[in-house]
Amino acid sequence: MSVTIKTPTEQDQMRLAGQAASEVLDMITDHVVPGISTGELNRLCHEYIVDRQQAIPAPLNYRGYPKSICTSVNHVVCHGIPGGKKLKNGDIINIDVTVIKDGFHGDTSRMFMVGKPSVMGQRVSQVAHDAMYLGIELVCPGVRLGDIGQVIQQHVEGQGCSVVREYCGHGIGREFHEDPQVLHYGKSGTGLELCAGMTITIEPMVNAGRRHVRLLPDGWTVVTKDHSLSAQWEHTVLVTDNGYEIMTRDHSGG
Ligand code: MF3
Ligand code: CO
Ligand code: CO
């Protein structure tokens, strides 16, 4: 598949989808407390998306994925499947929400601290957050994907953490995962040049320890090989004529 350029009308639709995805995370924020299970978080998000937003949770049945959101706790890097596991004080969790609204996808994730934050949990989350924004702030026509990858990698490794290589950001639109692949590591001056009207995600996965990951036998859950903590933040971003617009901006003040 090739890279799609969104027309102004399609950009409006992406804005609405992105807004909806962000509002799911706003809704779930106060529910992320010790004792709640990831399955309950999934149910709350599913019902909100379907009943309140008249939207579709994109992960559900996507390539056989069984739930409506991803919940990745502590050493889980991404694609954690919600279930009976209850959150406990000091856990860190990434909640990744993708909705389809009127045919367009909005994809965003945030980190949450459960109860009293741990120093290491907060640190790895902050490094991933700052890395994502350093990447986003570069977005404009003419910038190359390698420029974005390099700035993210440099920041993360400079903080003594590591960037996961096996999973990446992506183009997004009518399809969940479109071209191009947006790597969170690389060399500036290489890779595709961005053009106005492209929509991509930037979603670095940052490990507190080494970068290597392992896929669990469920076929989805990705964990750090060394069991170190992992964090991720994600936004869907439009390339504008003179920079960028975050389609999944957080309006909650959080
Ligand atoms: N939301 C993830 C992403 O950022 C993809 C999840 S795929 C699923 O690309 F099937 F696990 F939901
Ligand atoms: Co994504
Ligand atoms: Co996502």
Side-chain angles (χ1 to χ4, degrees), residues 1 3-4 14 17-26 28 38-39 41-43 45-46 49-50 55-73 76-83 93-101 104-112 125 128-129 131-133 135-136 139 145 148-149 152 163-184 198-206 213-223 230-239 244 246-250:
M1 176 186 198
V3 178
T4 62
M14 286 298 291
Q19 196 53 47
S22 176
E23 284 169 4
V24 177
L25 291 174
D26 296 344
I28 206 64
T38 53
L41 295 173
N42 176 75
R43 181 182 55 79
C45 289
H46 179 92
I49 293 165
V50 171
I56 298 166
L60 186 60
N61 302 319
Y62 176 79
R63 300 187 180 178
Y65 186 78
K67 297 289 176 179
S68 297
I69 61 172
C70 298
T71 51
S72 301
V73 179
V76 178
V77 172
C78 63
H79 305 164
I81 303 174
I93 178 174
N94 172 277
I95 302 181
D96 193 337
V97 169
T98 313
V99 304
I100 311 171
K101 181 72 183 163
F104 286 83
H105 289 73
D107 188 6
T108 184
S109 78
R110 299 180 198 158
M111 294 301 297
F112 300 87
S125 171
H129 180 269
M132 174 187 70
Y133 275 107
I136 290 173
V139 170
L145 287 176
I148 294 171
I152 290 171
V163 175
V164 171
R165 305 282 176 101
E166 289 82 354
Y167 302 88
C168 59
H170 48 92
I172 181 168
R174 289 186 186 277
E175 302 290 332
F176 194 161
H177 295 111
E178 301 186 352
D179 282 343
Q181 295 199 80
V182 179
L183 304 184
H184 304 112
M198 290 181 181
T199 45
I200 60 171
T201 72
I202 298 182
E203 48 178 304
M205 281 141 276
V206 172
V213 300
R214 190 163 73 83
L215 182 64
L216 294 191
D218 64 21
W220 284 103
T221 309
V222 179
V223 299
S230 188
Q232 179 178 30
W233 289 76
E234 175 176 23
H235 273 310
T236 297
V237 179
L238 168 70
V239 186
Y244 66 88
I246 300 176
M247 305 272 94
T248 45
R249 211 163 46 241
D250 183 351

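Every number for a ligand or one of its atoms is a count from 1 in the order of the listing. Everything numeric in this text was worked out from a predicted model, so none of it was measured.
Ring geometry for H129 versus W233: interplanar angle over 60°, hence perpendicular rather than tilted (30 to 60°).
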* Give the intermediate values and the outcome of ring-ring contact (aromatic ring centres under 6.0 Å, His included) for residues Y167 and H184. => CA-CA 9 Å; Y167 302 88; H184 304 112; over 10 Å; no
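Looking only at protein heavy atoms, the nearest one to atom 7 (S) of ligand 1 is Y62 CD2, 4.0 Å. Here the heavy atom of the protein found nearest to atom 3 (C) of ligand 1 is D107 OD2, 3.4 Å. Scanning all protein heavy atoms for the shortest distance to atom 12 (F) of ligand 1 gives P59 CB, 3.1 Å. In terms of protein heavy-atom proximity, atom 2 (C) of ligand 1 is closest to D96 OD2, 3.4 Å. The nearest protein atom to atom 9 (O) of ligand 1, hydrogens excluded, is given as H177 NE2, 2.7 Å; this is a heavy-atom distance.
Where the criterion is an N or O separation shorter than 3.5 Å, residue side chain and backbone included, H170 meets it with respect to ligand 1. Close N/O approach between H79 and ligand 1 is not found [any backbone or side-chain N/O within under 3.5 Å].
When the Co ion (ligand 2) is compared with the N/O/S atoms of E234, atom OE2 turns out nearest. Nearest N/O/S atom of E203 relative to the Co ion (ligand 2): this is OE2.
Within the structure, the closest approach of F176 to ligand 1 falls below 4.0 Å when heavy atoms are considered. Residue contact annotation: K67 has no non-hydrogen atom under 4.0 Å from ligand 1. Ligand 1 has T98 within reach: a non-hydrogen atom of the residue lies less than 4.0 Å from it. Within the 4.0 Å heavy-atom cutoff, E203 counts among the residues contacting ligand 1.
Distance check for D107 against the Co ion (ligand 2): an N/O/S atom falls below 2.8 Å. Residue contacts to the Co ion (ligand 2): H170 brings an N, O or S atom closer than 2.8 Å.
Between T98 and Y62, every side-chain heavy-atom pair lies at or beyond the 4.5 Å cut-off.
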